[in-house]
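Please read all numbers here as calculations on a predicted model, not as lab measurements. Just so it is clear: chains get the letters A, B, ... in the order the sequence lines come, proteins before strands, and each one is counted from 1.
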Amino acid sequence: MRRSRSLVPTLREDPADAEALSHRLMVRAGLVRQLAAGVYVYLPLGQRVLDKVSAILREEMNAIGGQEITMPVIHPAEIWRESGRWDAIGGEMFRLKDRYGRDMCLGMTHEEVVAWLAAREIRSYRDLPQIWYQIQTKERDEARPRSGVLRTREFVMKDSYTLDPDTEALERSYAAHEAAYRRIFDRCGLRYHVVQSDPGMMGGLGSHEFMAPSPAGEDEIAICRSPACGYAANVELATGVPAPPAFPAWTREEVPTPGVRTIAEVAALLGIDPRLTIKSLLYVAPKAGPVLALVRGDHALHERKLARALGEEPRPAHPDEVREALGAPVGSVGPVGAPVPVLADEALRAGAWVVGANREGFHLRGVAAGRDFECRFVDLHTVAAGEACPRCGTPLDVERVIEIGNIFKLGTKYSVPLKAMYLDEAGHERPIVMGSYGIGPARIAASAVEQGSDADGIVWPWAIAPYHVYIVLVGAKDAAQVAAAEAIYAACWRQGLEAILDDRDERPGVKFKDADLLGIPVRVTVGNAFAKEGVVEVRCRRTRQEIRTSCDGVVDAVRTLRAGLATP
RNA sequence: CGGGGUGUGGCGCAGCCCGGUAGCGCACCUGCUUUGGGAGCAGGGGGUCGGAGGUUCAAAUCCUCUCACCCCGACCA
C-alpha cells in the first residue's frame, strides 16, 4: 500500500464527539468514520484489522470442528414469535414490514434461525454434535450507543452455535469453545479475564464472559486477588462478604432525625458510621407490587440482583408511592412495621441497625432483622473492592472491563419451541441441546487500542495490526532514497511482511507522527542516514528499540524486533 | 426513557449574555524558500451560522417548535 494513493485520513486533533481513548484514536488514525449514532464506516485500515481478527476467528473455530455458514440479517417474525422473543424483546429489535405487510425484523442474534435450520436438517443422534458459526452483521437498536465502536447499533459478530444430544455433550462443546476463545484472545494480544456471568434473558444453564480490562468498559467484574482461587464474576452476579462494622451496645429506641434524607445525613446527625445504617429502597414490581429492598448504608443496591430475586423487573417507586405504601417520605422509611414484603441483603443478617422509622423525621436504632421485622435474605448489594472472596476469603478486586466474548449454555430454550428434535438410539424424540457463543471483532480491535496505545498513538499487537511495516521515505525527491524504499517495500511483501510505503510529498515530521499514530509494529526510515551511509533505521513501535542496517538487512531486522515482542 | 451538554467552511474552535449582516488555527489551492518529529513567507478558494416558524428596520445572537450528535443513568437477548 502506498500512502500517496490510499484513504488513510489521519487527524491532527481529537474529534469533538469522541471521549473514549479507543474512539479518539480509531477516528484520528483513519480507521473508522461515524455515519450516525452507533453506525460506522470502516475505512481501509480499519477493515484490515477486522479482517485479521476474522481470519483468526475462522482458524480457531474450524480447529474445533466449526462449520461456517451465513444466515440472513432479515428474519420473518414467525420464528421470533415461536421462541417468544418477538414480544419479550422491546425497542432494541429493529422491526419492519415487507410490501405485503408481513412482519419482519433485523437479526440481533441467530438462535431462532439455527433452531429453525436444525429442526429441518437434524433428524438423528447420528447427525450430532454440530458446530455452526458465521461472521455476520447484527442489528440492535441500542438505547444508547456509546464509546465509538464499543457499543454500536450495527456490528459484525462471530456467533457460533452448538447442537448436542444432551447436557453432557453440551459441556464438552462448551469447554471446546472456552478453549478456542482463550486461544483467540491470546493470539489477538489482549489481556482478559474469564468470568461467570448472568445469562439474563438468553436463558439457559450457565454462561461466562471474556472481559478485557479497560477504563472504557461498560461492565465491572470482581476477581479474587488470590490467583490460586480464581474466583471471577461479573458484578451483576458476584458476591462479596463485607467486613461487619462494630455495633455499639444500644437498645432499640426511636430517635428524632428532623430534616435528614440521606444515609450520610443520618450518620452525621447521629455521629455514627454509615455502615451501622440500613438503606431502605422501595421498588414496584409489575406483578408482586411494592417491595422494600434493604442494603447496608454504605452499599449500593444492584438492581439486577433484585430483579433476579423477584423473578421480574422492578422499578424504583415514585416519592408519592413511597408515602402511600409506608406512610413516610423517602428519607424516613424502614422495614419495621412495613406492610410490604421485605428483601434484605445477606450482610444484614446480624447486627443492630439504624433504620427509618416510617414516621417523618424519625429513625430507629438498635433494630435487628428477624426480631424487629421479617424479611427474606438474598444477595443484593454491589460488590466493592476489598470485600472478602466468597470462596476463599481473600480480598476481591473490582475492575472495569470490555466484554469481548461470551459463551452460553442454552439448553432447550430454543429447540423446544422451534421443534428442533432428534431421535435418540432408542428411537425416542428428544430436543436438541444448544449452546451459543459470540465474539465482537470490533470490540477486540477497540480493546487492543485501549490496552496498547501510548501518548503517540495506537500500538497494535502484531497479529491484528493492519500492516506490519511502515516505511518512511524521507527524501521523496531523492532518486536513490526512492529506489531503496521501493526495494525494501517489495522485499517485505515478498517475505510475507505486509508493508505500507509513505511516499507522500510531506515533511518528515508529518510522516513520523503518522507512523506513530497508526501504530504499525515496525517502522523503517529511509532518509539522511541512507543518503550518507547507506543505512536505514528499523524501529519497534512498542519498545522503540532501533536497528540500523543495510537495505538488505531490513527483513531480518523486522523479524528480530518482532521476536522481541511479548505478543508476537 | 430520565438528567446534562453541543450544533458556526473539511477538522478544532471564538463570536451569542449586551441583535447591526461572520472570524481564528489547522487543512486545501498557487508561487517561492524549506526538508529527520505535524515548516516559513506571499497570494487565494470555501460557510449565510443544524432545520422550521416567530419577534425586529435588522437575528449566528432573542422567543417557540423541531432534528442530530455527545456524556451520565436506566436498558443491553
Exercise. Which nucleotide sits closest to the side chain of A/R28: B/rG36, B/rC69, B/rG38?
Worked result: B/rG38
Exercise. Is the count of non-hydrogen atoms from other residues, nucleotides or ligands lying under 6.0 Å from A/R261 atom CZ greater than 12?
Worked result: no
Exercise. Taking atom types as they are modelled, is there a donor-acceptor pair under 3.5 Å from the base of B/rG4 to the side chain of A/R144?
Worked result: no
Problem set entry | Rounded distance (Å) that lies between atom C1' of B/rC28 and atom CG of A/D505 | 15 Å
Exercise. What's the CG-P distance between A/L150 and B/rC71, to the nearest Å?
Worked result: 11 Å
Exercise. Quick one: is B/rA27 close enough that its OP1 or OP2 comes under 4.0 Å of any side-chain N or O from A/R12?
Worked result: yes
Exercise. Can you name the nearest heavy-atom pair linking A/E450 to A/S214, along with the distance?
Worked result: OE1-OG, 3.2 Å
Seminar exercise, completed: Ranking A/D456 and A/A18 by the position along RNA chain B of their nearest nucleotide, the one closer to 5' is A/D456
Seminar exercise, completed: Whole-Å distance, A/L518 CG to B/rG37 P, equals 18 Å
Exercise. Taking atom CD of A/E324 as the centre, does the number of heavy atoms from other residues, nucleotides or ligands within less than 6.0 Å exceed 12?
Worked result: no
Problem set entry | Donor-acceptor pair under 3.5 Å, A/R539 side chain vs B/rG37 base | yes
Problem set entry | Ion pair A/R541/A/D456, N-O distance below 4.0 Å | no
Exercise. Is there a Watson-Crick or G-U wobble partner for B/rG23 with both distances under 3.5 Å, and which nucleotide is it?
Worked result: B/rC13
Exercise. Rounding to a whole Å, what distance do you find between A/Q481:CD and B/rU35:P?
Worked result: 13 Å
Exercise. Checking only heavy atoms, does the side chain of A/E13 share a donor-acceptor pair with the base of B/rG38 at less than 3.5 Å?
Worked result: no
Exercise. Quick one: is B/rA39 close enough that its OP1 or OP2 comes under 4.0 Å of any side-chain N or O from A/R507?
Worked result: yes
Exercise. Can you find an N or O donor on one side and an acceptor on the other, under 3.5 Å apart, linking the side chain of A/D516 with the base of B/rG37?
Worked result: yes
Exercise. Side chains of A/T10 and A/D514: is there a donor and an acceptor less than 3.5 Å apart?
Worked result: yes
Seminar exercise, completed: Separation of B/rC1 atom C1' from A/H318 atom NE2, nearest Å, is 12 Å
Seminar exercise, completed: When rounded to whole Å, the CD to C1' distance for the pair A/E142 and B/rG73 reads 15 Å
Seminar exercise, completed: Result for 5'-nearest mapping on RNA chain B, choosing between A/E19 and A/R140, is A/E19
For this session: Look at the side chain of A/T525 and decide which nucleotide, out of B/rU35, B/rG36, B/rC70, has an atom nearest to it.
Result: B/rG36
Problem set entry | Gap between atoms NZ and C1', on A/K513 and B/rA27 respectively (whole Å) | 18 Å
Seminar exercise, completed: From the candidates B/rC72, B/rG38, B/rU35, the one with an atom nearest any side-chain atom of A/R146 is B/rC72
